There are 2 protein chains.
Amino acid sequence: MSGADAGTPALRVTISDVAAAAGVSRATATRALKGEGRFAPETQERILEAAERLGYVRNTMAAELAAGRTGTVGLMLRDASNPAYGLLFSRLQEEAHQRGLDLVTVTIGADEQGAKQVNALHRLLGMRVAGLIVATGGISAAQLEPFADQVPILRAGRVESAGRIHTAHYDDEGHGRLLAEHIVALGHRTVVVLAGSPEASYPEHLRALAMQEVLTAAGVAVTMISAGARPEDGVDEALAAVRAGATAVMCASDYRQLAVMRAARAAGLRVPGDVSVTGCDGILPGADLLGLTTLRIPVEAVAAAAVETMQQLLTADGPETLVRRSFTGTLVPGSTAAAV
Amino acid sequence: MSGADAGTPALRVTISDVAAAAGVSRATATRALKGEGRFAPETQERILEAAERLGYVRNTMAAELAAGRTGTVGLMLRDASNPAYGLLFSRLQEEAHQRGLDLVTVTIGADEQGAKQVNALHRLLGMRVAGLIVATGGISAAQLEPFADQVPILRAGRVESAGRIHTAHYDDEGHGRLLAEHIVALGHRTVVVLAGSPEASYPEHLRALAMQEVLTAAGVAVTMISAGARPEDGVDEALAAVRAGATAVMCASDYRQLAVMRAARAAGLRVPGDVSVTGCDGILPGADLLGLTTLRIPVEAVAAAAVETMQQLLTADGPETLVRRSFTGTLVPGSTAAAV
DNA sequence: CTGAAAGCGCTTACAG
DNA sequence: CTGAAAGCGCTTACAG
């Protein structure tokens, strides 16, 4: 309440201050403040009043250190400027709030090296979080697994093959299939599939493989383009294939779809007149106005499952079994893809 | 490294384990691990090797409690599903990373009551963060100020009039002015301004007031609509005004602009043939394809200034002066607004 | 260059 | 119903 001098941080009020002000021991103050254990109602009242008056805020670090446990779940997040991750983040928070789970988040840039990823992981583990939700593909199972016996780890959004990591993930293959079936149904016989390489984006890669499978099985001629991480990567190549006869470009993400539409417009190609285009994600605001043909990924369901599963893992008493939950989104037919 | 039984968390290795394994005291282990103070190079090597081998992760809570300080800055964030906040979040993280500042984030839903907002604040203060960056309008200066003498507090994105809170904010009034001047230049004489009410969105309110001022000063007839928080709120009213003669609808956000375009399309009104529309934010992916007339808010500059300022505040030795930095974005003329 | 000791703020059995 | 005591894992002067 004093010490407003700059440079000298104000003295924080501790539980000892509160206890003294209320004329009790620290032990009693602790109990009354938490509302656990035995204490006289009027004693509690006095303690609560003192805490309020002094502006007491419990030191979480000390409390958790002493109690030997943490009520916080760590969340590793990828760059939230991508709306798909932004929304996932938002939903995870929302779910956690509703279930009374405290979440502490650290993010890692998409471009960061393994060392930084591990660093972020250590920061969370250093806080002795009770569980870990990983919502970034940037960190591998190998980096995660050593800690799987210390704390439950769940990957959100992406499949995971490693033994001890739980998941709540998108059905990327199913998504690729649904989109490809739509294109087949529209009668396209020569199609470009434009996706990030496995290194650039594993989910995109999975979608692309599934698309290829469905298209090929339907007798469609497929040109696969394995591109870099940036949306504009591979776009020129895709348009070249269009000029060579392809009637549709299937993109593994809406960002790529936008890039293709931009380039098509610049090149004087009409969508869907000259070329049909599809994407995947379906969460861009304004996607409807653009008429994007896409697939809405089930962000809400994945977020809910992730938090629910984590909560179960935290309260599990029996031996823990591996949880793997997959969620399929819904096709959004738009005006960017038409029958040939 | 044992205790893989479910239910029984593995024993975490402590610095005592590392010290014992290396045959030194905990004090020496601490120094060598941090690389501070004096120690024999070969001793350090032994300690580092032991830590590595045992899988030691320093307990941050204990370390900071003992050291009496924190290296972490708290970030209070609003729902990141809004791209404007998602991008701000992303940039803040990026900047913090680059400057070696650790950020720990808690979010609060847009709809949450004051109690929850304060709760989130307490969670951060309970972690004894070294500083606080507030990137949500949901928490008031009055709630923040009591803590301003314990820790530097900076509001990012939004102006702040309270005495002890620093800011790095958008020039909302300037943004409103720039957009209004554009509409005036296009020759519109009857205009609707559609914005959230002060309670729904204070920044939108500021933009709207500035628009009104510029429009009125130019002799334009203005209809002000003070709407709810949802993008579709007030849209019907706006279209009614258009039917009554208004030639332009100025929205205080891109979300509202999209809602107006959607409704206009449904009502058979052409944009910009029958009505010009403007927004504000300019960060929607695909905004260019839609031809949105908007204003790109300077997210990057605000984020950089916020982190930079916070870092200065943390290392300041002299008496701290109030920092208030404002940033103006750039007009993005699109195809949704045309001359009458 | 290294270690013994005290202490950070809080909680938890255990006695009363 | 309440308090004294020990301890959570680590760091920091202070002696050696």
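To find a chain, count down the sequence lines: A is the first, B the second, and so on, and within it residues start at 1. Here the structure is a predicted model, which is why all the values come from computation and not from measurement.
Between B/R46 atom CZ and C/dC1 atom P there is a gap of 14 Å when expressed in whole angstrom units. As rounded to whole Å, 11 Å separates atom P of C/dA13 from atom CD of A/E36. The distance between atom CG of B/L33 and atom P of D/dT11, rounded to the nearest whole Å, is 8 Å. The CD1-C1' distance, from A/I47 to C/dC10, rounds to 15 Å in whole Å. Between the CZ atom of B/R12 and the P atom of D/dC10 there is a distance of 11 Å, given to the nearest Å. A straight line from CG of B/N59 to P of D/dT11 spans 9 Å, rounded to a whole angstrom.
You'll find a donor-acceptor pair under 3.5 Å spanning the side chain of B/R31 and the base of C/dG3, going by distance alone.
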Begin from the C-alpha positions of A/V57 and B/R128 and carry the test side chain to side chain contact (heavy atoms under 4.5 Å, CB included) through to its verdict. CA-CA 9 Å; A/V57 176; B/R128 295 298 187 265; 4.0 Å; yes

Report the C-alpha separation of A/I133 and A/M310 in whole Å, then their side-chain angles, then the decisive distance to 0.1 Å, and conclude whether the side chain to side chain contact (heavy atoms under 4.5 Å, CB included) test is met. CA-CA 8 Å; A/I133 298 180; A/M310 179 52 71; 3.9 Å; yes

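Side-chain N or O atoms of A/T136 include none that pairs as donor or acceptor with a backbone N or O of A/R78 at under 3.5 Å. A/T14 places a side-chain N or O within 3.5 Å of a backbone atom of A/S16 that can act as its donor or acceptor partner. Judged by distance alone, the side chain of A/T30 and the main-chain N or O of A/R26 form a donor-acceptor pair under 3.5 Å.
A close approach under 4.0 Å does not occur between any side-chain nitrogen or oxygen of A/K34 and OP1 or OP2 of C/dC10. OP1 or OP2 of C/dT2 sits under 4.0 Å from a side-chain N or O of B/T43. Distances shorter than 4.0 Å separate none of the side-chain N or O atoms of A/T30 from OP1 or OP2 on C/dC10.
Distances were taken from every side-chain heavy atom of B/A40 (C-beta onward) to each of C/dC1, C/dC10, D/dT12; the shortest belongs to C/dC1. Of all nucleotides listed (C/dT2, D/dT2, C/dC10), C/dT2 comes nearest to the side chain of B/R38.
D/dA13 is unpaired under the Watson-Crick or G-U wobble criterion, no partner having all donor-acceptor distances under 3.5 Å. With a cut-off of 3.5 Å on both pairing distances, D/dA4 has no Watson-Crick or G-U wobble partner at all.
For the atom pair CZ of B/R324 and CZ of B/R155, the computed distance is 10.0 Å after rounding to the nearest 0.5 Å. Rounded to the nearest 0.5 angstrom, A/L92 CG and A/L87 CG are separated by 9.5 Å. If you take CD1 on A/I153 and CZ on A/R164, they are separated by 8.5 Å, rounding to the nearest 0.5 Å.
Within the 4.0 angstrom heavy-atom criterion, only backbone atoms of the sugar-phosphate kind lie near B/R58; the bases stay farther away. A/A27 comes within 4.0 angstrom of a base, heavy atoms only.
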Nucleotide N/O to protein N/O under 3.5 Å, stretch nucleotides 6-8 of chain C:
residue: C/dC8; atom: O2; partner: B/A66; partner atom: N; Å: 3.2

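Map B/R128 and B/F39 each onto its nearest nucleotide of DNA chain C; the residue landing nearer the 5' end is B/F39. Residue order along DNA chain C, read from the 5' end via each residue's closest nucleotide, puts B/S25 first among A/E64 and B/S25.
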